[in-house]
Structure formats: structure tokens, C-alpha cells
Amino acid sequence: MSARDDDLWGIGELATRAGVTVKTVRFYSDRGLLPETSRSAGGHRRYGADALDRLRLIRSLRTLGLSVPQVRRVLDEEGAGDGAGEVLEGAVAERLRELGTEIRALRWREAALRLVQESAPGERADRLRLIGGLSVPPSTAPLVRFWRGWLPPRMPRRSVDAFLEVAVPQPPDDPAPAQVLAFARLNALTLGPCPGAAQPQPQAHRPVGARGAAVLYAGLAEAYELAGVQLRRGREPRPGEALDCFVDAYTSAYGVRGCERFRRGLAGQLAVDPRIDRYWELVAEVVTEPGRRPGPTPGTAHDWLLDALAAQTGTRSPTPV
């Protein structure tokens, strides 16, 4: 046997030195990740000392959860002598994103299991049905579709996106059982049929057109912010800056003056929608950690403003549709 042959290892010796099985070495060799240096006269694989370092690198990358194609690309970069490590950095970043999703899914499953465990026997069937309607981790797509059907047609995309950013809550990464239940109910609510008319928007929102809708919803967002300040301070509904901003949103969209007659008419058109009220109640439960007091939502701000408008105009608070 030549000196060169003396420096080569058989598959069993390489496996022993690396602390793996012969099957593992053969697996990576068959996939081209660990090429043999030569074959013996009997056709057995022979490996050089550099194969040990390569095999150890492969094991390290696989331990991190990188796929075989990802490992191949990292090895190709190593073999090319690039040294920049961009392929490895990209693979690690991708794996971290995948792990984040997996961890979120596990946390949601754990919280859902605890919800079932803590439920009274008579509640479990309904809660299992609600949980069964969710993906894991949950998707906000049904909520987005709900609002896209609710918003005025042909509303500018930028305005729609701005509204959805506020209206669609992101599922918490580490939810409590109560938050899982609230999000499951929210999901079921948005997937359910819309009662009443085919066009669910309030009457006052329908005739403003695409451009008017953008003006209207931008103004409403500002009014809700101002009303939220009043709610956090525990103030009762009353006329003031928040209500003026609320009415101005409608007058700007309609291109009219905000006279007393307009305000009275507006109060009559903005009927309360129990489905939307329920939506915002559930949003508050989703985004609020257990034991903490829920903060204002656009829904509670809207109701505060409707009561303030009714107080100013001497009309009754809007009735449910």
C-alpha cells in the first residue's frame, strides 16, 4: 500500500473519528456533500483527513436545523474560498425566521390546550369548535377580508392600508388562554355572514366616493385619537376638540359646512352596529394582557363620539342597526 493510501481512511474509521454512524457518512456521501477521495481495490470508499473537518461542519450545520440544500450551498461557498460567509448568514437568518414561526405556533398550541383544560365541561365543545377555525399560528387574513368588504369601494390603497393597520390586531406572540379565545371568537365573527343589507357601511359613509372616503377615514383616525385621550382620562362624552374633528371629517368628505342641521342629520345616520361593537370588544381582549385594563380602541372612541354628538344636538344616542 502506498504512503498516500496509508493517509486515507475507510468509511468506518471516518465514522468513528467523527462520532457518527457509517450510515450517516454514507448518507452525506451519496448526496455529494462528502465526496470520497478514492476507492480501494475492492471498491470501498476512502477518505482523506480533510473529510473529517468537512463532516464535522456538516454535522454542525445540520444540528442548527439547516436543510441539506442549504448545507450544500454553504459548503460550495467554503470550497470557492469566498470567505464572506454570505450564504451561511442567509441560511442562519432564514432558519431563525422559521424557528420564530415554529415557536409562536407552539405557544399558541400550549395556550389553546390550557384554554380547553381550564374550560368547564359544558364550554369545551364550543371552544374546540372556535379553536378549530384557526390556523396555527393564526392568520389575520379573515379580518383583513372582513374590513375590505366593509370599507367603501375604490377607496385609495394607501388609505385602506392605513385603516387596516389600526383595525386588524396582530396576534400576540405568547398569548394567554383568554387571548386565544378572544382571537378565535374574532376570527369566527369575521367569517360569519353579514346580517342585513349587502352594503355594511354606515349610511353616512356610502355616498362620499373614493376620494371622499380617503378624506373621511383620515379625519376619523385623528378624531379617534383625540377621543382616546378623553377615554383614558375617564371623561364623559361631551362637545370639544375631539367631536369637532369628528364632524369635520364628514364635512370635509362631503364638501359642506358643519352647521347644526348637518350635525343633527349625521347623528341620525350613524346607527350603532352591534357586530362592529363586538369586533372592537374582542380586539381589546386580544391586545390586552390578562390583569390589565383595556385601552381605548377605535370602536370605543367612535361610541364616545356618537354619545357626545347626541348630547350636543339633543338627539338620542344612535340605536343599533
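Computation of the quantities below employed the complete heavy-atom set of this structure, encompassing side-chain atoms and omitting hydrogens, waters and symmetry-equivalent molecules.
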Colleague: If we ignore hydrogens and angles and just use 3.5 Å, is the side chain of S252 paired with the main-chain N or O of A249 as donor and acceptor?
Modeller: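 No: the side chain of S252 does not pair with the backbone of A249.
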
Colleague: Are the side chains of L220 and Y250 in contact, using a 4.5 Å heavy-atom criterion?
Modeller: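 Yes, their side chains come closer than 4.5 Å.
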
Colleague: For the atom pair CZ (R59) and CZ (R56), what is the distance rounded to the nearest 0.5 Å?
Modeller: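 Nearest 0.5 Å value for the CZ-CZ distance: 9.0 Å.
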
Colleague: Flag the pair R158 and D161 as a salt bridge only when some basic side-chain nitrogen lies within less than 4.0 angstrom of an acidic carboxylate oxygen.
Modeller: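 Judged by the 4.0 Å cut-off on N to carboxylate O distance, R158 and D161 do not form a salt bridge.
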
Colleague: Please find out if less than 6.0 Å separates the ring center of W147 from that of Y279.
Modeller: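 They qualify: ring centres under 6.0 Å apart.
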
Colleague: According to a hydrophobic-cluster definition based on side-chain heavy atoms being under 4.5 Å apart (Ile, Leu, Val, Met, Phe, Trp, Tyr only), do V215 and L226 belong together?
Modeller: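 Different clusters: V215 never reaches L226 through Ile, Leu, Val, Met, Phe, Trp or Tyr contacts under 4.5 Å.
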
Colleague: With distance as the sole criterion, is a donor-acceptor pair present between the side chains of T313 and R264 under 3.5 Å?
Modeller: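 The criterion, which ignores hydrogens and geometry beyond distance, is not satisfied for R264 and T313.
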
Colleague: Check this for me, if you would: do R17 and E13 make a salt bridge, where the nitrogen-to-carboxylate-oxygen distance has to be below 4.0 angstrom?
Modeller: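 E13 and R17: salt-bridged.
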
Colleague: Please check: side-chain N/O of S29 versus main-chain N/O of R26, any donor-acceptor pairing under 3.5 Å?
Modeller: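 Judged by distance alone, no pair lies under 3.5 Å.
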
Colleague: Nearest 0.5 Å, what's the CG-CD distance between L115 and E110?
Modeller: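 These two atoms lie 12.5 Å from each other.
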
Colleague: For L8, is there any backbone N or O sitting under 3.5 Å from a side-chain donor or acceptor partner on R46?
Modeller: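 Pair found, side chain donor or acceptor close to backbone of L8.
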
Colleague: Please round to the nearest 0.5 Å and tell me the distance separating atom CZ of R62 and atom OG of S67.
Modeller: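 If I round to the nearest 0.5 Å, the distance is 7.0 Å.
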
Colleague: One pair to check against side-chain hydrogen bond (donor to acceptor under 3.5 Å, both in side chains): S38 and Y47. What are the steps and the verdict?
Modeller: CA-CA 7 Å; S38 65; Y47 298 90; over 6 Å; no

Colleague: Regarding Q312 and E260, is there a side-chain donor-to-acceptor distance under 3.5 Å anywhere?
Modeller: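 Distance-only check fails for Q312 and E260.
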
Colleague: To the closest 0.5 Å, what do you measure between CG (L282) and CG (N187)?
Modeller: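 These two atoms lie 11.0 Å from each other.
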
Colleague: Between E123 and A120, is there a donor-acceptor pair closer than 3.5 Å when you use the side chain of the first and the backbone of the second?
Modeller: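 At least one qualifying donor-acceptor pair exists.
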
Colleague: Would you say that more than 12 heavy atoms from the other residues, nucleotides or ligands in this model lie under 6.0 Å from the CD of E225, or not?
Modeller: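 12 or below, so no.
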
Colleague: Kindly compute the distance separating CG (L61) from CZ (R73), expressed to the nearest 0.5 Å.
Modeller: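 Nearest 0.5 Å value for the CG-CZ distance: 12.0 Å.
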
Colleague: More than 12 heavy atoms of other residues, nucleotides or ligands under 6.0 Å from CD of E102: is that the case?
Modeller: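 Result for CD/E102: enclosed.
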
Colleague: Does a sphere of radius 6.0 Å around CZ in R95 hold more than 12 heavy atoms from other residues, nucleotides or ligands, not counting ones at 6.0 Å or beyond?
Modeller: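 Atom CZ in R95 is crowded, with more than 12 foreign heavy atoms closer than 6.0 Å.
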
Colleague: Do you see a donor-acceptor pair shorter than 3.5 Å between the side chains of T24 and T21?
Modeller: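 Their side chains do contain a donor-acceptor pair, which is all the 3.5 Å distance test asks for.
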
Colleague: Does a side-chain N-to-carboxylate-O contact under 4.0 Å join R45 and D30?
Modeller: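 Salt bridge flag = yes for D30 with R45.
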
Colleague: I'd like to know whether CD of E36 has more than 12 heavy-atom contacts from other residues, nucleotides or ligands below 6.0 angstrom.
Modeller: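 More than 12 within 6.0 Å, yes.
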
Colleague: Can you list the residues that meet the side-chain contact (heavy atoms from CB on, under 4.5 Å) rule with Q179, with sequence neighbours excluded?
Modeller: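 Per chain and number, Q179 pairs via side-chain contact (heavy atoms from CB on, under 4.5 Å) with P172, P175, A176, P290.
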
Colleague: Going by the side chain to side chain donor-acceptor pair (under 3.5 Å) test, name the single residue among E236, E241, R235 that passes it with Q230.
Modeller: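 By the side chain to side chain donor-acceptor pair (under 3.5 Å) criterion, Q230 pairs with just one of E236, E241, R235: R235.
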
Colleague: So how far is it from L309 CG to R238 CZ, rounded to the nearest 0.5 Å?
Modeller: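 Between atom CG of L309 and atom CZ of R238 there are 16.0 Å.
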
